[in-house]
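Counting starts at 1 for both ligands and their atoms, in listed order.
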Amino acid sequence: MAKKPPRDDVGDRNLTVRGPEVAAAGLPGVRHGLAAAMNHMGVRRTALTLLKVNQAEGFDCPGCAWPEPAPKHRATAEFCENGAKAVAEEATLRRVTPEFFAAHPIAELVGRSDYWLGQQGRITHPMVKHPGATHFTPLPWAQAFALAAEHLKAIEPDQALFYTSGRTSNEAAFLYQLFARAYGTNNLPDCSNMCHESSGVALGATIGMGKGSVTLDDIHDAKLIVVVGQNPGTNHPRMLAALEKAKQRGAKIISINPLPEAGLMRFKNPQKVGGLVGSGTPLADLHLPIRVGGDLALFQAIGALLVEWGAVDEAFVTAYTSGFEGYAAAVREVDADLVARATGLSTDEIEAAARLFAASEATVVCWAMGLTQGRDAVATISEVVNVQLLRGMIGKPGAGLCPVRGHSNVQGDRTMGIWHEPPTWLGRLGDRLGLTMPTRRGHDTVEAIRAMRDGHAKVFVAVGGNFAAASPDTDVTEAALRRCTLTAHVSTKLNRSHVVTADEQTVLILPCLGRTERDAQTAGDQFVTVEDSMSNVHASQGHLDPASPLLRSEVAIVCGLARAVLPDSTIPWESYAQDYRAIRALIGQTVPGFDDFEAKVRTKAGFTLPHPPRDSRSFPTPDGRARFTVSPLEVLTVPAGRLLLQTLRSHDQYNTTIYGLDDRYRGVKAGRRVVFVNPDDLAELGIADGSTVDLISEWADGERRAPSFRVIGYPTVRGCAATYFPEANVLVPLDSTATGSNTPTSKQIIVRLQPV
Ligand SMILES: Nc1nc2c(c(=O)[nH]1)N[C@H]1C(S)=C(S)[C@@H](COP(=O)(O)OP(=O)(O)OC[C@H]3O[C@@H](n4cnc5c(=O)[nH]c(N)nc54)[C@H](O)[C@@H]3O)O[C@H]1N2
Ligand SMILES: Nc1nc2c(c(=O)[nH]1)N[C@H]1C(S)=C(S)[C@@H](COP(=O)(O)OP(=O)(O)OC[C@H]3O[C@@H](n4cnc5c(=O)[nH]c(N)nc54)[C@H](O)[C@@H]3O)O[C@H]1N2
Ligand SMILES: [Mo]
């Protein structure tokens, strides 16, 4: 039997702390994943559902964007503990019905935690909050669309915002951007703006392609894998199996992280009998405990040593790159003292890493939020590119650049045109449909918040996500959302963004099908497509009965909105919703790399999009060469008595979806309001391990406070601290963003701890 949702919001009442674990996954992983699934679905549904995850005839795991092995190499259970939890959250038997909304006034719901809200289950009916109302009430779909249309027609197109989270399918994403642009705006902020935007900007400017240059085979064949600013044990557990395979073939692994993350130290493969017991495979050969924000300096120092040692692939550099002389001159000047201050690492540690780079004939560098969410994120990733260019590590088997994406289709959404800039192919799409497309750049996430805050944007529409909780500066963001005349949310589960409302505001909750569910349309059952972190596009089809007969697919909801808002539109919205082949045909005619889309995606393995640097060492930059870049090194200065705080994920959450209150690998049980600090820093600050503090962030425009966190003495690097988002988002100043990508600096907040 499935368990009932929690009634109380227990908070941190039962918090206990045990200290970090050293190995990831193995038997406990399987057990924890299955327990979560059974709480939500019961035994039979758990078994039926989990066997379809990431299989050729099944659905794409709604967890992360790590690729699946080729069909013949897939395990029967091609999912991980956290994939099982993601599936359970969606396939849960718990329901949020009109009776639920009648019993819970909005004023009560806004006081609930994200955990409590999410645990209530799947939303079953379209719901509305009318101006002046205290509760959400159900309404028919046609009325919901009419209401949205009324608001959108009353404003200028650039006063509307169309947000997307990265779970949206290619088909829904393509139609959604088409709808926004046919309506007249490029205001398409997305979760990428807070995630891998810095990677896209840095890679676009240096190698001419904003995507990673490796395939899964390259990971398996690599001789050196560098995992920097990423915690795969929690966030991409299936990546550990790939690292293990590479390791067994002789690869070395370097981990660069302020925390000794369990998954990088040792790994027990849950898909192998030997992995269920025993101590597992040691993964990292070298662990560099770097100071937060020190990676720019580290990669400059590594580059300097490689140049000094003559460990440069001169043939590659000459044939394919530009800017080497300037780069080499700049790194020769790198100041060792600055490097030491920025990284907190010894010369020996840095040399050990550089020697591994110099010795490797096939190196992959993988990174995630530890590199993208800091002030110098774009420059830092450009330094990673410099080092890979020096060694000729692009377009070579077993080598390349690997930004590991988050949401399962976040990369595909961008390919489909979910972007605040007009994509290169927009003109072609307009010509084909006889439309004039908007050319003015739209708002990204941070700009969207400012536009609402300042009264320039009036309507906020979201396909997926939890904008209120995921965005920086929670108080500012929530006040901004409350200034809109309408917010409308296409969602599977209840979340904070639905209940942050103002009295005079209209709010719509539009409940949609999830990945696991059958999508029946007039032309028969439909599948959708997604693109993983390595540019492989494949089909995804759910088989479960929908959580409620009233649910509509994301595609159908976008088409419903479009027809109501653009009644004179000549775009055949209705046929798109009936048969997704029509959408794929239009994508095939518009988006580069998607010719013959329908046939290619119907094969078991799907297809891999072209990537000129990876495929043929051709670089689509203005001069056709990969570019070395030079960036200044400015150490992040933290005033005395302050710490540099990073906000990260616990093992029991998916962004703002909280699966549970434990963080097993870091030894935390039954609580989330914790802050990890080095014991020596605690001693210096005169703060006791286990005591309670308020976190206060300091920024030019004033202070921000997150009250009541338990201090945990933890082996993080001196001067740095860590805590979980979304709780800590209240501390991230809206205007503190990465240069060049405008990504909030949610890994670099200057804070002081104030004992309470
Ligand atoms: N189960 C689960 N899976 C997920 C998600 C989830 O929430 N739960 N989220 C998905 C999404 S959207 C994303 S983007 C990815 C995120 O995947 P990750 O990027 O792995 O997620 P974070 O928890 O933010 O971890 C950041 C890591 O970077 C390290 N770090 C922080 N600052 C620095 C720094 O300055 N330098 C270096 N070298 N390291 C640093 C942290 O210690 C931490 O190990 O995961 C995806 N997968
Ligand atoms: N401080 C801090 N802030 C961060 C980060 C950080 O590391 N630190 N990380 C950032 C990152 S990397 C990201 S990607 C963003 C994430 O930002 P978002 O993508 O906006 O947030 P999520 O929590 O992933 O969204 C969860 C909601 O999506 C909805 N949902 C789930 N599945 C589906 C579906 O199939 N269809 C639809 N329509 N809706 C669905 C559910 O209603 C659920 O409540 O947060 C960012 N914010
Ligand atoms: Mo992300």
Inset, instruction - Indicate yes or no: does Glu81 engage Lys85 in a salt bridge with an N to O separation below 4.0 Å. - result: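 Counted as a salt bridge, because a side-chain N and a carboxylate O are separated by less than 4.0 Å.
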
Side chain, backbone, both or neither: which part of [X] comes within less than 4.0 Å of ligand 1 when only heavy atoms are counted?
{"X": "Glu261", "value": "side chain"}
{"X": "His236", "value": "side chain"}
{"X": "Gln230", "value": "both"}

Backbone or side-chain N or O of [X] under 3.5 Å from ligand 2 N or O:
{"X": "Met194", "result": "no"}
{"X": "Glu90", "result": "no"}
{"X": "Gly465", "result": "yes"}
{"X": "Cys191", "result": "no"}

To check your reading of the model: name the closest protein heavy atom to [atom], its residue, and the distance in Å.
{"atom": "atom 40 (C) of ligand 1", "value": "Pro258 CD, 3.3 Å"}
{"atom": "atom 7 (O) of ligand 1", "value": "Asn655 N, 2.7 Å"}
{"atom": "atom 8 (N) of ligand 2", "value": "Thr647 OG1, 3.0 Å"}
{"atom": "atom 31 (C) of ligand 1", "value": "Gln646 OE1, 3.0 Å"}

Tell me which one of [options] gets a heavy atom nearest to [atom].
{"atom": "atom 20 (O) of ligand 1", "options": "Asn231, Asn82, Val226, Asn257", "result": "Asn231"}
{"atom": "atom 3 (N) of ligand 2", "options": "Phe725, Tyr163, Tyr724", "result": "Phe725"}
{"atom": "atom 13 (C) of ligand 1", "options": "Cys195, Pro232, Gly406", "result": "Gly406"}

Legend entry - Short N or O distance, Asp295 and ligand 1, threshold 3.5 Å exclusive: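 Among all N and O atoms of Asp295, at least one is under 3.5 Å from an N or O of ligand 1.
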
Inset, instruction - Flag the pair His489 / Tyr163 as yes when their ring centroid distance falls below 6.0 Å, and as no otherwise. - result: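 Aromatic pair excluded; centres sit 6.0 Å or further apart.
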
